[in-house]
Student: 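Here's a structure for you.
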Amino acid sequence: MSQTVDRALSILPLLAEGPADLGQVAERLGVHKSTALRLLRTLHEHGLVYRQSDQRYRLGARLFALAQEAMENLDIREIAHPHLVRLNEACGHTVHLAVHEENEVLYIDKVDSRYPVRMYSRVGKPVAITVAAVAKLLLADLPEGERRALAEKLEYPLYTARSTPNAGAFLRELEKVREQGWATDLGGHEESINCVAAPIRGADGRVVAAMSVSAPNVVVTADELLTLLPRVRRTADAISGEYSGRTPVKDPTA
């Protein structure tokens, strides 16, 4: 039975490449045409494949409907939270999770630092969009036209001497973040707070959320915080893998 299920499931990635006839399916599976036909009929009955008028098979609409339903029911916060807790336990610093919604970047989860000096941030509160590391990651993933339009509409408060001063500087920073795949806020919002962040991606590779580790410089220097970047990126990759269903869950802090 397990071999039958394995063979049936192996048909789906084949048809994802494009329509295929019975002979092509049988050849790819290494089985007789009669066996391939039984598998295709079963998948067809469940709406997972569809037989075209030219007798070739393609992926069925039911498969796309199931995928869409599954994506809509995924809760990135629920998936990410155990990973954020483990990262917090490993490094001791504040860990945030943020998403981009309706022209705002919002914190949707937070695990507090173990140290007495803590960040003042709240779940549900918008971040400082022109300087926050999580915001840079989320906005850098937007198509170029949308990035430019948004950058031109934003205001650029000078929270500190390191704040992003204007749209041109912001767009250059977003391009840098897009290329390197991670972001920082080194005293751009509060002079005493530094932050490193990494993106969380969905099955299509787009950034669906961003996570960060933040700490005051009285606890660790900016350079010391930057040494945590590989661990932060591994955590983000682990969340991405679980969210998209690509990889088994592992402990990235190990």
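Along the sequence shown, residues carry numbers from 1.
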Student: Any donor-acceptor pair under 3.5 Å linking the side chain of S214 with the backbone of T94?
Tutor: no

Student: With a sphere of 6.0 Å drawn around NZ of K33, does it hold more than 12 non-hydrogen atoms of other residues, nucleotides or ligands?
Tutor: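 No - once you tally the heavy atoms of other residues, nucleotides and ligands closer than 6.0 Å, there are 12 at most.
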
Student: Distance-only, no hydrogens or angles: does the R201 side chain make a donor-acceptor pair with backbone N or O of R206 under 3.5 Å?
Tutor: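 No.
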
Student: Would you give the length of the straight line joining atom CD of E173 to atom CG of L139, rounded to the nearest 0.5 angstrom?
Tutor: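 If I round to the nearest 0.5 Å, the distance is 11.5 Å.
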
Student: So, the side chain of E104 versus the backbone of L106: is there a donor-acceptor pair under 3.5 Å, distance only?
Tutor: no

Student: Using the six-membered ring wherever Trp is involved, compare the ring planes of F170 and Y156 and label them parallel, tilted or perpendicular (cut-offs 30° and 60°).
Tutor: perpendicular

Student: Quick one: do E45 and R41 make a salt bridge, cutoff under 4.0 Å?
Tutor: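 Salt bridge between E45 and R41, a charged N being under 4.0 Å from a carboxylate O: no.
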
Student: Please determine whether a side-chain nitrogen of the Lys or Arg among E175 and R147 lies less than 4.0 Å from a carboxylate oxygen of the Asp or Glu.
Tutor: yes

Student: Charged N to carboxylate O under 4.0 angstrom, E191 versus R162?
Tutor: no

Student: What's the spacing between I79 CD1 and I200 CD1 if we round to 0.5 Å?
Tutor: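 CD1 of I200 is found 9.5 Å from CD1 of I79.
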
Student: Closer than 4.0 angstrom, basic N to acidic O: yes or no for R56 and D21?
Tutor: no

Student: Picking from N88, V111, L87, V220, what satisfies side chain to side chain contact (heavy atoms under 4.5 Å, CB included) with H93?
Tutor: V220

